[in-house]
Amino acid sequence: MAGSTRYLRYIVFAFVALIVIFFISSSSQQVPDYETAKNMFKGQGWAHTSPDTPAAGGAGEKEPAAAAPPPAKEPVPAEDIAKTPQGTTETGTTPNPYANSQPKLSGQAPGERMNATFVTLARNSDVWEIARSIRQVEDRFNHNYGYDWVFLNDADFDDTFKKVTSALTSGNTKYGKIDKEHWGFPDFIDQERARKVREDMHERKIIYGDSVSYRHMCRYESGFFFRHPLLLDYEWYWRVEPSIELFCDIAYDPFKFMKEHKKKYSFVLSLYEYVETIPTLWDSVKGFMKAHPEHIVEGNSMAFLSDDGGETYNHCHFWSNFEIGNLDWLRSPAYIDYFNHLDRDGGFFYERWGDAPVHSIAAGLMLKKDEIHFFNDIAYYHVPFTHCPTGEQTRLDLKCHCNPKDNFDWNGYSCTARFFETNGMQKPAGYEKEQ
C-alpha cells in the first residue's frame, strides 16, 4: 500500500512538471521580438531607436509604417521638412551624430512647412537653461513640425552644448560663431566715455548698467543676428531664450499664420522700458525720421509709442525675448538705415539701449498696424513676467497650466491694453478679472 502511494505521488509530480514546462514554452513563444515591440509602441504614437537600428525620420528618409497607425497621423514626407543636411557647424555642413538619437513624440502634423527656424543666442554655460527651453518648445509645439534650430555664440560651442541640444530637437540643429566685428566696440565709440557711463550706472544700481557683454548682446540682437550666414536662407524666425516656459499647447503653426495673415512682427508681452537706460533714444529716432521720411509708413503704430504724436516717447515696447518675425523685413534697406543711424549715435554704449525698444520702435514706425500681431494663445514665461491667455475656454482647450492671476497683460505696467486701443481691437472676454 505504501509503495502504491509513493508511485502515485511520483506520477502526480511528473504530470504537474509537464504542465509547468508546457506553459513556460508557450509563453516564451509569445514574447514579441524587437521589431514587433517597436511597431506596437509606434502604433501608440511612439518610435524607438536602438544602437543597432538606424533611426527613422532623418533627412531624406521616411519613417517606417507603424503596425497599426492612427489614420489621422499620416507622416509628412521627410523631404518636405528637412531641406538641409542634418546639422551644421561653424565651418560648414556636416553630419550631426546626435540629431536622430531621441524618440519621436508623436506623428507629424500635416501641411507644408514655412522657411523658418528657431534662433537662440547662448553661451556654453547656458546649456541646461536652454535645454529646458528646448524641451518646452518641442513638447508644446515643434515635435509635430520639426523646424530647425540655429544657435549663435560669440565663442565656439563645445561638444556638450551640441550633444545636449541636438538630442532634444526634432529638426536640424546649426551652430554659428558670431563675427568679432558684430560683437565688440565699433571704432567710432569713445572707450573712456563708455567706461564712465558704466561706472555711473553701476553706482545708480541700474540693471546691467555696468555690463559690457549685455551691451554687445543688445547691439547684436538689434542689428546683426539676422545677417548671420546661418540665417540668410530663412524667411521667418522665432526667438527663444534660456529658461523660458510655455504653458499651453500650440495647436497650429504660428509661422504659417504670420505668412497667411501678412504679419511681420509679433509679441506676447509688452511693458514700459527703464527710463534711465534710454534717455536719448527717442532723440535719435526723431533724427532718423527726419533723415529718412520715406521709411515711415502710413497707418503705423505711432499711437502705441507716443502720447503726443511723436514729440516724446512713452517707453512702451514689445518684450523681445519672445518674438516671431520676418527676417526679410529686418534685412530691408529701411531697417538697416534705421539701425545704422541709431548705432552711429552710440547709445548702445553711451547709455544702455535694449534691443526690445529698438525693435519695437522700428515695427511701430515702419510696419502698418495690422502687420504686428499679439499671440494671446501662446502662453509664455520669462523671469519675471507671465503671459497666460485671457479666456478660460482658451486655457482649457489648449491644456494650459498657468495661473490666470499671474497674467501680466492687464497690469498697469503693461502696454498690451494700449496695443488693443491703438488697433481698435476688442479686449478678450474676461480681461477685467485679471486687472
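Note that the coordinates shown come from a computational prediction; the quantities given were computed from them, not determined experimentally.
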Quiz item: Taking everything shown except Q426 itself, do over 12 heavy atoms lie less than 6.0 Å from its CD?
Solution: no
Exercise. Using the six-membered ring wherever Trp is involved, compare the ring planes of W238 and F118 and label them parallel, tilted or perpendicular (cut-offs 30° and 60°).
Key: tilted
Quiz item: Does the side chain of D406 come under 3.5 Å of the side chain of Y381 through a donor N or O and an acceptor N or O?
Solution: no
Quiz item: So, K196 and D190, do they make that salt bridge, N to O below 4.0 Å?
Solution: no
Quiz item: Can you find a heavy atom in the side chain of F349 that is under 4.5 Å from one in the side chain of R195?
Solution: no
Quiz prompt | Between D154 and Y220, a side-chain donor and acceptor under 3.5 Å | solution = no
Quiz item: More than 12 foreign heavy atoms under 6.0 Å from NZ of K433: is that the case here?
Solution: no
Quiz item: Does a donor on one side chain sit under 3.5 Å from an acceptor on the other, for Y431 and N407?
Solution: no
Quiz item: Do the ring planes of H292 and F288 sit parallel (below 30°), tilted (30 to 60°) or perpendicular (above 60°)?
Solution: tilted
Quiz item: Side-chain contact, heavy-atom cut-off 4.5 Å: I324 with H373?
Solution: no
Self-check item: Step-by-step salt bridge (Lys or Arg N to Asp or Glu O under 4.0 Å) determination, R113 to D148
Solution: CA-CA 11 Å; R113 300 298 186 263; D148 294 349; over 6 Å; no
Quiz item: How many angstroms lie between NZ in K174 and CG in L152, if you round to the nearest 0.5 Å?
Solution: 11.5 Å
Exercise. Would you verify whether the NZ or CZ of R352 falls within 45 degrees of the ring axis of Y214 while also being under 6.0 Å from that six-membered ring's centre?
Key: no
Self-check item: Proximity of F385 and H387 rings by center, below 6.0 Å
Solution: no
Quiz item: Can you check whether L121's main-chain N or O pairs, donor with acceptor, with D126's side chain at less than 3.5 Å?
Solution: no
Practice problem: Flag yes if more than 12 heavy atoms outside R418 fall under 6.0 Å of its CZ atom; otherwise flag no. | Solution: yes
Practice problem: Take the angle between the ring planes of F318 and F304 and call it parallel below 30°, perpendicular above 60°, tilted in between. | Solution: parallel
Quiz item: Less than 6.0 Å separating the ring centroids of F267 and F375?
Solution: no
Practice problem: Give the minimum heavy-atom separation between M201 and T277, together with the two atoms involved. | Solution: CE-CA, 4.4 Å
Self-check item: Worked check of ring pair (Phe, Tyr, Trp, His ring centres under 6.0 Å) between F226 and W329
Solution: CA-CA 10 Å; F226 48 86; W329 169 60; 8.9 Å; no
Practice problem: Find the distance between CZ (R215) and OG (S211) and round it off to the nearest 0.5 Å. | Solution: 7.0 Å
Quiz item: Below 4.5 Å, heavy atoms only, C-beta onward: do L269 and F322 meet side chain to side chain?
Solution: no
Exercise. Using the six-membered ring of F188, assess whether NZ or CZ of R344 lies under 6.0 Å from its centre and within 45 degrees of the ring axis.
Key: yes
Quiz item: How are the rings of Y313 and H315 set relative to one another: parallel (under 30°), tilted (30 to 60°) or perpendicular (over 60°)?
Solution: tilted
Quiz item: Charged N to carboxylate O below 4.0 Å: is that the case for D355 and R239?
Solution: yes
Exercise. Give, for atom OH of Y234 and atom CG of L327, the distance between the pair rounded to the nearest 0.5 Å.
Key: 10.5 Å
Quiz item: Does any N or O in the side chain of E235 come within less than 3.5 Å of the main-chain N or O of M114, such that one atom is a donor and the other an acceptor?
Solution: no
Self-check item: Backbone of K177 reached by a side-chain donor or acceptor of H228 within 3.5 Å
Solution: yes
Practice problem: Can you establish whether the number of heavy atoms outside Y208 located under 6.0 Å from its atom OH is more than 12? | Solution: no
Quiz item: Taking the side chain as C-beta and beyond, is there a heavy-atom pair between R219 and P186 under 4.5 Å?
Solution: yes
Exercise. Enter the distance from S243:OG to R132:CZ here, rounded to the nearest 0.5 Å.
Key: 5.5 Å
Self-check item: Rounded distance (nearest 0.5 Å) linking atom OH of Y413 with atom SG of C316
Solution: 9.5 Å
Quiz item: More than 12 non-hydrogen atoms from neighbouring residues, nucleotides or ligands closer than 6.0 Å to CD on E129, yes or no?
Solution: yes
Practice problem: May I ask you to test the F225-L330 pair for a side-chain heavy-atom distance under 4.5 Å? | Solution: yes
Self-check item: L168 side chain near E138 side chain, heavy-atom distance below 4.5 Å
Solution: no
Self-check item: Side-chain donor-acceptor pair present, W282, S306, cut-off under 3.5 Å
Solution: no
Quiz item: How are the rings of F141 and Y147 set relative to one another: parallel (under 30°), tilted (30 to 60°) or perpendicular (over 60°)?
Solution: parallel
Self-check item: Donor-acceptor pair, side chain of N314 and main chain of L305, under 3.5 angstrom
Solution: yes
Quiz item: Side chains of Y175 and T165: do they bring a donor and an acceptor to under 3.5 Å?
Solution: yes
Quiz item: Is a side-chain N or O of K262 found less than 3.5 angstrom from the main chain of E371, in a donor-acceptor match?
Solution: no
Self-check item: Flag if over 12 foreign heavy atoms under 6.0 Å of CZ, F185
Solution: yes
Quiz item: Which pair of heavy atoms, one from T169 and one from I134, lies closest together, and at what distance?
Solution: CG2-CG2, 3.8 Å
Quiz item: Where is the tightest heavy-atom contact between N153 and D156, given as atom of each residue plus distance?
Solution: ND2-O, 4.1 Å
Practice problem: Take C402 and C388 through the test disulfide bond (SG atoms under 2.5 Å apart) and record every step on the way to the result. | Solution: CA-CA 6 Å; C402 55; C388 188; 2.1 Å; yes
Quiz item: When you look at NE2 of H202, are more than 12 heavy atoms from neighbouring residues, nucleotides or ligands closer to it than 6.0 Å?
Solution: no
Quiz item: Shortest non-hydrogen contact from E273 to I278?
Solution: CG-CD1, 3.6 Å
Quiz item: So how far is it from T312 OG1 to D283 CG, rounded to the nearest 0.5 Å?
Solution: 10.5 Å
Exercise. Say whether S166 and T173, considering side chains only, have a donor N or O and an acceptor N or O under 3.5 Å apart.
Key: yes
Quiz item: Are S270 and F374 close enough that some pair of their side-chain heavy atoms sits under 4.5 Å apart?
Solution: no
Quiz item: Taking NZ, NE, NH1 and NH2 as the nitrogens, is one of them in K427 or E421 under 4.0 Å from a carboxylate oxygen of the other?
Solution: yes
Quiz item: Does any N or O in the side chain of N124 come within less than 3.5 Å of the main-chain N or O of D158, such that one atom is a donor and the other an acceptor?
Solution: yes
Quiz prompt | E181 atom CD: more than 12 heavy-atom contacts under 6.0 Å | solution = no
Quiz prompt | Close side-chain approach of I361 and H317, heavy atoms under 4.5 Å | solution = no
Practice problem: May I ask you to decide if the ring planes of F339 and F348 are parallel, tilted or perpendicular, using 30° and 60° as cut-offs? | Solution: tilted
Practice problem: Check the pair Y338 / H359 against ring pair (Phe, Tyr, Trp, His ring centres under 6.0 Å), numbers first and verdict last. | Solution: CA-CA 10 Å; Y338 167 77; H359 282 190; 9.1 Å; no
Exercise. State which residue, out of W319, F408, F419, Y272, fulfils the side-chain contact (heavy atoms from CB on, under 4.5 Å) condition with S414.
Key: F408
Practice problem: Work out which heavy atom in A379 is nearest to a heavy atom in P389; give both atom names and the distance. | Solution: CB-CD, 3.4 Å
Quiz prompt | Intermediate values then yes/no, ring pair (Phe, Tyr, Trp, His ring centres under 6.0 Å), Y145 and F255 | solution = CA-CA 11 Å; Y145 290 88; F255 293 122; 9.0 Å; no
Quiz item: Hey, is K163 close enough to D159 for a salt bridge, meaning N to O under 4.0 Å?
Solution: no
Quiz item: Which atom names give the shortest non-hydrogen contact between I372 and K263, and what distance separates them?
Solution: O-NZ, 4.2 Å
